Number of protein chains: 2
Amino acid sequence: MKRKITLKQIAKELDVSISTVSKALRNSIEISEDTRQKIQAFAKLYNYRPNNIALSLKNRKTKTIGIIIPEIVHHFFSKVITGIELVANKRGYNVIVGLSNESFDKEVINMQMLANGSIDGFILSIAKETLQQQDYHHFTETINQGMPIVMFDRVVNEIPCDKVIVDDVKGAKEAVEKLITNGCKNIAIITTKDYVSVGRLRTQGYLEALEDHKINAKSSLILKIEDKLMSDDHIDKLENEVEQLFESNKDIDGVFAVNELYAVTAIKVARKLGLKIPNDLQVISFSDGVLSRHSTPSITTISQHGQAIGEKAANLLINRLEAEEVDYDDETEEVYETVVIETNLTERESTK
Amino acid sequence: MKRKITLKQIAKELDVSISTVSKALRNSIEISEDTRQKIQAFAKLYNYRPNNIALSLKNRKTKTIGIIIPEIVHHFFSKVITGIELVANKRGYNVIVGLSNESFDKEVINMQMLANGSIDGFILSIAKETLQQQDYHHFTETINQGMPIVMFDRVVNEIPCDKVIVDDVKGAKEAVEKLITNGCKNIAIITTKDYVSVGRLRTQGYLEALEDHKINAKSSLILKIEDKLMSDDHIDKLENEVEQLFESNKDIDGVFAVNELYAVTAIKVARKLGLKIPNDLQVISFSDGVLSRHSTPSITTISQHGQAIGEKAANLLINRLEAEEVDYDDETEEVYETVVIETNLTERESTK
DNA sequence: TAGAGTTGCGAAAACGTTTTCGTGTTAAGA
DNA sequence: TCTTAACACGAAAACGTTTTCGCAACTCTA
């Protein structure tokens with residue numbers, strides 16, 4: 001019922017000025033021992049805490065980080081959030097989350113909602129629709145207004161900001177090389193259409209690995225899935241496409257999937273067709289999820305370390321925020337960093 | 001570089017007063033057509049947006065909801081967030097997320113960080129440690145300060161607030177009845193220690209179902225897992241316990257698991273012991289996750305509808321927030337609602 | 001005892017809004 | 001020509017802080 005107590009109320013109650021109360025609570029030496037004790041006791045009694053909003057207004061900083069991600073029901077993204085929240089909290093920041101649902105409009109609106117003073121900076125991963133439309137004005141505008149951005153995973157080079165990524169090419173290459181080493185002769189890739197940058201890069205890694213080992217890539221072994229099929233409603237269409245892949249390439253003995261769902265679908269279809277894992281078919285997936293660890297057989301993965309990505313992104317952002325205070329808008333050209341988080345191969349039952 | 005533009009700057013630039021600018025932008029009839037147009041054009045040019053923090057301070061409301069959950073890397077919780085974010089956004093609110101990591105202290109600290117003006121109300125699910133310690137003072141204090149709370153899933157009755165829960169007893173009962181109907185004679189339950197309320201309630205549902213069908217519950221068929229084993233590090237200890245369960249009860253033909261991980265572990269162990277699913281053993285899990293849908297065999301579940309829970313919780317909270325405005329702290333006793341979201345059985349391959 | 005220094009506190013500005021209440025100017029009515 | 005009303009705008013307060021500055025009332029020192 002009783003609203004939170006304010007400096008003004010304490011001042012009135014104790015018959016001193018607001019300034020005195022403020023100083024007393026911050027242990028200023030200007031205030032006599034006596035009054036200081038009196039005020040602090042009173043404040044403690046009424047459980048006084050400074051109003052955050054007022055502080056934000058006064059200091060022109062909110063100590064809050066805005067996160068914009070495509071979706072949250074996704075192991076990778078929630079791991080990243082965990083990482084961000086961890087260091088944010090440790091460094092005295094809060095975290096406010098906006099979901100773009102892969103939609104350009106929602107991304108723009110969400111950013112506008114937050115950019116009006118609610119937060120000090122953004123950490124984000126770009127929506128697929130935005131990547132398709134290649135319209136990045138909302139990012140540049142935000143940056144021009146002096147609000148720093150850190151991008152992770154899905155990034156675009158033309159935006160001047162810090163970035164945290166995994167080396168998709170290298171990771172994919174490592175996966176495919178593992179398959180080759182394990183004796184696979186006909187390795188298929190299940191990937192996304194090229195406008196999804198991670199899909200494109202992982203496909204590139206696949207091709208490079210083949211090339212390095214003097215294996216000719218066959219286009220029939222490259223299955224590029226239309227993105228709409230990621231949703232659970234279209235799971236059977238996805239299965240169909242994968243089944244066709246196997247049917248028309250009976251000699252496939254290795255699959256590299258760019259995400260967990262594709263991998264698990266490949267395994268399901270392969271089994272239906274009578275293939276034994278890992279004897280007839282070996283599978284490696286790019287991922288950081290629970291599916292590969294707990295499904296049967298468990299799936300060998302290139303893991304992305306989502307939490308590490310989140311931690312790094314948060315540190316980059318907060319470092320920049322707190323550096324600004326000293327640098328005080330000097331005219332030195334900003335220099336941005338792109339941090340690559342190493343992936344690593346976790347072997348499980350889907351490979352020999 | 002250039003900070004966001006303010007009313008004051010526009011006023012100065014156009015040589016009018018701040019009030020005039022404010023009124024012009026809000027289309028007040030006090031302002032002449034001429035100046036209004038001029039000001040609006042200027043504001044549009046410089047992309048003026050009112051500073052949210054200033055508005056929050058003035059209006060004494062932030063249009064922001066605080067979410068405190070035990071963890072975010074969890075399908076159920078991220079689904080709930082999705083639901084909250086959906087209606088929050090639709091109704092003009094933002095969402096700020098704090099993670100308790102199941103720790104009492106982090107829960108308290110997170111709530112204190114947010115309760116100092118940063119948000120208008122909480123939506124939360126209680127940390128396990130808090131449930132164990134049964135110390136709820138931070139909730140009551142928050143409520144006493146006039147900040148409404150909506151609890152979901154893990155709730156305690158003694159806190160006066162709106163609640164959104166699933167009928168755990170009923171859902172569990174339905175699951176077990178399904179197993180019975182399907183011919184299972186020796187149904188085991190894999191659940192958590194009793195201090196986790198959902199574990200306790202689901203165990204209760206299990207017992208009720210057995211009783212209703214005149215089946216004697218056998219304590220050897222009730223496996224209560226210590227909570228620490230949920231983490232991925234202890235996955236083998238979990239497997240051991242489950243294996244012991246099967247070894248010492250060779251006649252088990254049905255398993256009801258209170259979460260996905262237990263179910264998937266049960267299946268894994270059962271297979272290792274040579275049991276066929278669903279012929280020798282049928283499994284039903286309480287869950288809303290991706291594991292049950294995509295693992296092989298896919299798992300029949302009692303689904304919790306996390307998103308619906310989130311939506312309902314957000315609507316309850318926002319309704320209360322916006323009702324307060326009119327009621328204006330009248331002394332009518334607050335009356336709180338407990339909404340039960342219906343679970344339902346989704347049949348998959350792990351049952352006949 | 002006059003001047004200087006110390007001590008303890010308050011007034012006011014600032015952060016960026018919105019809104020109430022004036023107030024000066026002009027137009028209309030008597 | 002005088003009063004009144006309409007019109008267009010500005011001053012100021014308020015939201016809750018922090019901080020700079022000023023100023024009394026002391027306490028020393030010479």
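Owing to the predicted nature of the structure, the values given are computational and were not obtained by experimental measurement.
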Problem - Residues B:Gln9 and B:Glu13: side-chain donor-acceptor under 3.5 angstrom - result: no

Exercise for the section: Give a yes/no on whether any side-chain N or O of A:Thr6 is located under 4.0 angstrom from OP1 or OP2 of D:dC15. Expected result: no

Handout entry: Rounded interatomic separation in angstrom, taking CD1 from A:Ile10 and P from C:dG10
Key = 14 Å

Just list the side-chain donor-acceptor pairs under 3.5 Å for residues 112-119 of chain B, sequence neighbours left out, or say none.
{"residue": "B:Asn116", "atom": "OD1", "partner": "A:Lys4", "partner atom": "NZ", "Å": "3.3"}
{"residue": "B:Asn116", "atom": "ND2", "partner": "B:Gln112", "partner atom": "O", "Å": "2.7"}
{"residue": "B:Ser118", "atom": "OG", "partner": "A:Asn52", "partner atom": "ND2", "Å": "3.3"}

Practice task
Mind jotting down which residue pairs meet the ring pair (Phe, Tyr, Trp, His ring centres under 6.0 Å) criterion with at least one end in residues 3-45 of chain B? Sequence neighbours excluded, please.
Solution key: B:Phe42-B:Tyr46

Exercise for the section: Please report, rounded to the nearest Å, how far the P atom of C:dA13 is from the CZ atom of A:Arg60. Expected result: 18 Å

Completion exercise
By side chain to side chain donor-acceptor pair (under 3.5 Å), A:Ser100 pairs with (sequence neighbours left out) none

Practice task
Could you tell me the separation between the NZ atom of A:Lys63 and the C1' atom of D:dT17, rounded to a whole number of Å?
Solution key: 16 Å

Exercise for the section: Using atom NZ of A:Lys8 as one end and atom C1' of C:dG10 as the other, report the distance to the nearest whole Å. Expected result: 15 Å

Exercise for the section: For DNA chain D, determine which residues of residues 44-59 of chain B have any heavy atom closer than 4.0 angstrom to one of its atoms, and list them numerically. Expected result: B:Leu57, B:Lys58

Output a table of nitrogen or oxygen pairs between the protein and nucleotides 20-22 of chain D separated by less than 3.5 Å.
{"residue": "D:dT20", "atom": "O4", "partner": "A:Lys23", "partner atom": "NZ", "Å": "3.3"}

Exercise for the section: Measure the distance from NZ on B:Lys12 to C1' on D:dA11 and round it to the nearest whole Å. Expected result: 18 Å

Handout entry: A:Leu7 or B:Ile31, whichever maps to the more 5' nucleotide of DNA chain D
Key = B:Ile31

Handout entry: Nearest-angstrom distance from the residue atom CZ of A:Arg36 to C1' of C:dG8
Key = 12 Å

Fill in the blank from the handout: Writing each nucleotide of DNA chain D 5' to 3' as (, ), [, ], | or . by Watson-Crick or G-U pairing under 3.5 Å yields ||||||||||||||||||||||||||||||

Practice task
With sequence neighbours left out, write down each residue that passes side-chain contact (heavy atoms from CB on, under 4.5 Å) with A:Ser125, or none if nothing qualifies.
Solution key: A:Pro70, A:Phe77, A:Phe152, A:Asp153, A:Arg154

Practice task
Report the distance from atom CD1 of A:Ile18 to atom C1' of C:dG10, rounded to the nearest whole Å.
Solution key: 10 Å

Exercise for the section: Using a 4.0 Å heavy-atom cut-off across all strands, classify B:Ser22 as base, sugar-phosphate, or nothing. Expected result: base

Handout entry: Listed partners of B:Glu158 passing salt bridge (Lys or Arg N to Asp or Glu O under 4.0 Å), at least two apart
Key = none

Exercise for the section: Identify whether the distance between the nearest side-chain nitrogen and carboxylate oxygen of A:Lys63 and A:Asp120 falls below 4.0 Å. Expected result: no

Problem - Spacing of B:Asn27 atom CG relative to D:dA8 atom C1', expressed in whole Å - result: 16 Å

Exercise for the section: Mind jotting down which residue pairs meet the ring pair (Phe, Tyr, Trp, His ring centres under 6.0 Å) criterion with at least one end in residues 5-40 of chain B? Sequence neighbours excluded, please. Expected result: none

Exercise for the section: Answer yes if the side chains of B:Gln307 and B:Glu311 hold a donor-acceptor pair under 3.5 Å, and no otherwise. Expected result: yes

Problem - Side-chain N,O (A:Arg26) to OP1/OP2 (D:dT17) below 4.0 Å - result: no

Problem - Sugar-phosphate, base or nothing in reach of A:Ser32, heavy atoms under 4.0 Å - result: sugar-phosphate

Completion exercise
Residues pairing under ring pair (Phe, Tyr, Trp, His ring centres under 6.0 Å) where one sits in residues 119-139 of chain A, two or more places apart or in two chains, turn out to be A:Phe104-A:His138

Handout entry: A:Lys8: partners by side-chain contact (heavy atoms from CB on, under 4.5 Å), with sequence neighbours left out
Key = A:Thr6, A:Ile18

Fill in the blank from the handout: Taken in chain and number order and not counting sequence neighbours, the residues that satisfy side-chain contact (heavy atoms from CB on, under 4.5 Å) with A:Ile318 are A:Ile65, A:Val87, A:Arg91, A:Tyr93, A:Glu322

